[in-house]
Amino acid sequence: MGTTSHPILLKKPVKLACVQLAAGADKAANLVHAADKVREAATSGARIVVLPECFNSPYGCDFFPSYAETLLPSPPPASLSPSFHALSAMARDNNIYLIGGSIPELATDADGAKTYYNTSLTFSPQGALLATHRKVHLFDISIPGKITFRESDVLSPGSAVTIVDLPEYGRVAVAICYDIRFPELAMIAARRGCFALIYPGAFNTTTGPLHWRLQGQARAMDNQIYVALCSPARDLSAGYHAWGHSLVVDPMAQVLVEAEEGETIVSAELDGEKIEEARKGIPLRDQRRFDVYPDVSQ
Ligand SMILES: NC(=O)CCC(=O)C(=O)O
C-alpha cells in the first residue's frame, strides 16, 4: 500500500497555553482573574490560549442556571453575557486566539421555555467570535461510593462537531470534557484536517487519575495530532474537586507538559513537522480499511 501526500495541517509552529484557573463563586472576580492569567500566558509568547470548563463559576448542576448567560443573538449585549465580552477583550487585548473554556448558556425560545447548555466560545485576535461549541456528551455517571453526577438534570446536549479555522495556523477542534470519551468526535475532527483537539475539561479526583491523561494520549495516538486538556485548579472548599493536571500531548502521544492540581499555566510549542513525522512513521491514514468498517467512515 503506497503513501499518499497530505496537506500541511499546521502552517507554522505556535505556542499553546492552558490556563489552569482557580475560580470561586464571584463571577466578576473570576473574569478579572481570568484576564490577568490570559495576559500572563500571552506575555510568555502563547498565541493560542485555553481556559477551563466552567471557568467563571463553580462547577455543578446547582450552579448552571444562576451563572448562565444568554449568547444569542450574537454578539449579545454585555448585560446578558459579561463573559462573552470579557473573553472577546482578552483575545483582542493580547492578540491571541482564545479558546474560552466554557460557561453555562441560557437559550430561551419564543414561548419563554428555557434550555441550558455547557458552551465554549472561541475568539480571534481581533476579538471576533469564531466558533461556539455546546457540549455534545453530557456528564452523567454514577460510580457507587465515589461520584454521581448528572449534567442532564439541568443541561441539554449540543449536536455538532466543532472545527475552528485559525487562519494563521490551521484548524483545531474544540469539545468539552466528557466529549473526550467519544473517540468518534475526535476522529471526525482529525479527518477534517485539524492539527489539534482542544478540550476545556473538569475531570474529578475519582476518574481523573484513571482516565484524564490516558484519554488525552489515546486521542492523540489514534489521530496523530496534538491534544490539549485544560482543567480548573482544584479547590477543596468547593463541592466538586477538579483533577487539575492540564496537559498537552504530541502526535506520538507523548505528554509534553502536565500541571499538578494548583493554579498554573502550562504551555508547549506545537509544530506541524511533528504531525508529519508521526504520520510518516506510522502511516495509519493510508492503511485505514473503511471497506471493512464502512459504518464509521463519515
Ligand atoms: N465535566 C465533565 O465532563 C467531567 C468528565 C469526567 O470527569 C469523566 O470522568 O469523564
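The figures that follow rest on heavy atoms only: side chains count, while hydrogens, waters and symmetry mates do not. As the structure lists them, so they are numbered: ligands from 1, and atoms in each ligand from 1.
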Donor + acceptor pair across side chains of [X], [Y] (<3.5 Å):
| X | Y | value |
| --- | --- | --- |
| Arg47 | Tyr169 | yes |
| Ser120 | Ser102 | no |
| Tyr116 | Glu151 | no |

I need the nearest protein heavy-atom contact for [atom]: residue, atom name and distance, please.
| atom | answer |
| --- | --- |
| atom 6 (C) of ligand 1 | Phe139 CE1, 3.3 Å |
| atom 10 (O) of ligand 1 | Arg181 NE, 2.6 Å |
| atom 7 (O) of ligand 1 | Asn204 ND2, 2.8 Å |
| atom 2 (C) of ligand 1 | Cys177 SG, 2.9 Å |

Main-chain N/O of Leu71 paired to Glu105 side chain as donor or acceptor, under 3.5 Å: no
Close approach, Trp212 and ligand 1, non-hydrogen under 4.0 angstrom: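 No; Trp212 lies far enough from ligand 1 that no heavy-atom distance drops under 4.0 Å.
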Close-contact set for ligand 1 against [X] heavy atoms, below 4.0 Å:
| X | answer |
| --- | --- |
| Glu53 | 1 (N), 2 (C) |
| Lys135 | 1 (N), 2 (C), 3 (O) |
| Thr207 | 6 (C), 7 (O), 8 (C), 9 (O) |

Check: Phe149 ring centroid to Tyr178 ring centroid under 6.0 Å: no
Lys280 bridged to Glu277 by N-O distance under 4.0 Å: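 The answer is no: the pair does not qualify as a salt bridge.
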Residue of the set Phe63, Tyr117, Phe64 for which side chain to side chain contact (heavy atoms under 4.5 Å, CB included) holds with Val154: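 Going through the options one by one, the only one that passes is Phe64.
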Part of Trp243 within contact of ligand 1 (heavy atoms, under 4.0 Å): neither
